[in-house]
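Only one structure is covered here, and it is reproduced in the block below.
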Amino acid sequence: SLAVSQQNVIPNMYVSKEIAGQACTNAGKRLCAEDEWVQACKGPSSTQYPYGDDYAAEKCNTNHAEKYPPSVVGWYQKIPKNQFDPSDPRNGKAAVDIKGVVETGSFSECTNAYGVYDMVGNLAEAVSTPSSSGNALFKGSAFMRSGNNLNCDDNIGAHAATYTDYSFGFRCCATLSS
């Protein structure tokens, strides 16, 4: 597969860190390292959120727990232990159908002076840097995560590099020549 950035499309989900890295390589790029991902998210002003230092709930696609796919596929309130499979493709379809995961650039204020969009919200994104426990590291939060801590420094590091589900995507980076 080839990683291509396009506006107004549903971003790729169900992509493990391993596959994301290969897709970036196939596109002549690489999976972003954590520090460059964070810099791109914070922008040239190095703000806490892509849009500034003060949290604004509706600027990025976060805090949509009511659009959590398991409820759409039949689990309400509490999911019975060991019965929810995040890799079930019905969750990805549900996430799109219920407008949890939206087209890239839909949140026009979720950006900075670099002109990058959706670095917080929509999907959490794999980076090349491993988590402190050696697992894959995902940055930026997914649409259904909640709280005002969903900023450029937020991360998820509890999954292996082969893990994939409806809330994880990726972004590629390239080294620019001067």
Side-chain angles (χ1 to χ4, degrees), residues 5-20 31-32 34 37-38 40-42 47-52 54-112 116-127 131 133 135-171:
S5 179
Q6 294 179 316
Q7 189 175 5
N8 301 319
V9 298
I10 297 296
N12 286 319
M13 44 186 147
Y14 290 104
V15 179
S16 69
K17 176 184 174 181
E18 284 184 344
I19 298 299
L31 203 55
C32 301
E34 181 182 18
W37 190 99
V38 170
C41 183
K42 291 183 172 194
T47 56
Q48 193 67 23
Y49 304 91
Y51 50 81
D54 297 321
Y55 176 69
E58 299 305 315
K59 294 225 181 203
C60 295
N61 187 20
T62 58
N63 289 298
H64 294 292
E66 77 281 1
K67 296 181 178 180
Y68 188 41
S71 64
V72 175
V73 296
W75 302 124
Y76 297 94
Q77 303 301 319
K78 186 175 179 186
I79 298 168
K81 188 174 177 139
N82 299 323
Q83 291 188 21
F84 172 59
D85 179 5
S87 67
D88 184 333
R90 294 179 300 167
N91 295 309
K93 182 177 180 340
V96 173
D97 289 349
I98 61 177
K99 304 284 187 215
V101 175
V102 296
E103 295 171 335
T104 56
S106 294
F107 284 72
S108 62
E109 294 181 78
C110 191
T111 189
N112 57 43
V116 293
Y117 289 86
D118 305 323
M119 295 202 72
V120 170
N122 223 17
L123 298 177
E125 299 179 6
V127 295
S131 71
S133 64
N135 287 323
L137 183 63
F138 295 86
K139 301 293 293 178
S141 305
F143 67 95
M144 77 290 193
R145 294 190 67 209
S146 60
N148 64 359
N149 62 326
L150 304 179
N151 57 47
C152 295
D153 293 315
D154 187 41
N155 64 67
I156 301 166
H159 303 291
T162 55
Y163 180 82
T164 180
D165 77 24
Y166 62 90
S167 66
F168 293 132
F170 67 102
R171 182 176 307 255

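Computed from a prediction, not measured in an experiment: that's the story for all the values here. Positions are given from 1, in the same order as the sequence printed here. Note: hydrogens, waters and symmetry copies are ignored here, and every other heavy atom, side chains too, is used.
To the nearest 0.5 Å, atoms CG (N122) and CD (E103) are separated by 10.0 Å. Atom CG of residue D154 and atom CZ of residue R145 lie 4.5 Å apart, to the nearest 0.5 angstrom.
Closest approach of N151 and D153 over heavy atoms only: OD1-N, 2.8 Å. When all heavy atoms of L137 and S131 are compared, the pair lying nearest together is CB-N, 3.9 Å. Annotation for F170 and N12: closest pair CE2-CB, 4.3 Å, computed over non-hydrogen atoms. C41 approaches N112 most closely through the heavy-atom pair O-ND2, 2.8 Å. When all heavy atoms are compared, the tightest approach of T62 to A57 is OG1-O, 4.3 Å. The nearest pair of heavy atoms linking F168 to Y163 is CE1-CE2, 3.3 Å.
Counting non-hydrogen atoms of other residues, nucleotides and ligands closer than 6.0 Å to CG of N8 gives a total above 12.
Between M119 and C152 the shortest side-chain heavy-atom distance does not fall below 4.5 Å. Using a 4.5 Å cut-off on side-chain heavy atoms (C-beta onward), V102 and F143 make no contact.
Although no hydrogens or angles enter the test, the distance criterion places a donor-acceptor pair under 3.5 Å between the side chain of T47 and the main chain of K42. In terms of modelled atom types and a separation under 3.5 Å, the side chain of N135 and the main chain of G157 share a donor-acceptor contact. S141 places no side-chain N or O within donor-acceptor distance of the main-chain N or O of G121, the cut-off being under 3.5 Å. Using a distance-only test at 3.5 Å, with no hydrogens or angles considered, no donor-acceptor pair links the side chain of D118 to the main chain of L123. Between the T111 side chain and the V116 main chain, a donor and an acceptor come within less than 3.5 Å of each other.
Remark: Y51 engages Y49 in a ring pair (Phe, Tyr, Trp, His ring centres under 6.0 Å) (not counting sequence neighbours).
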Does N61 form a side chain to side chain contact (heavy atoms under 4.5 Å, CB included) with C110? I'd like the steps, not just the answer. CA-CA 8 Å; N61 187 20; C110 191; over 6 Å; no

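Paired with E125 under the rule side-chain hydrogen bond (donor to acceptor under 3.5 Å, both in side chains), one option of R171, K17, K139 passes, and it is R171.
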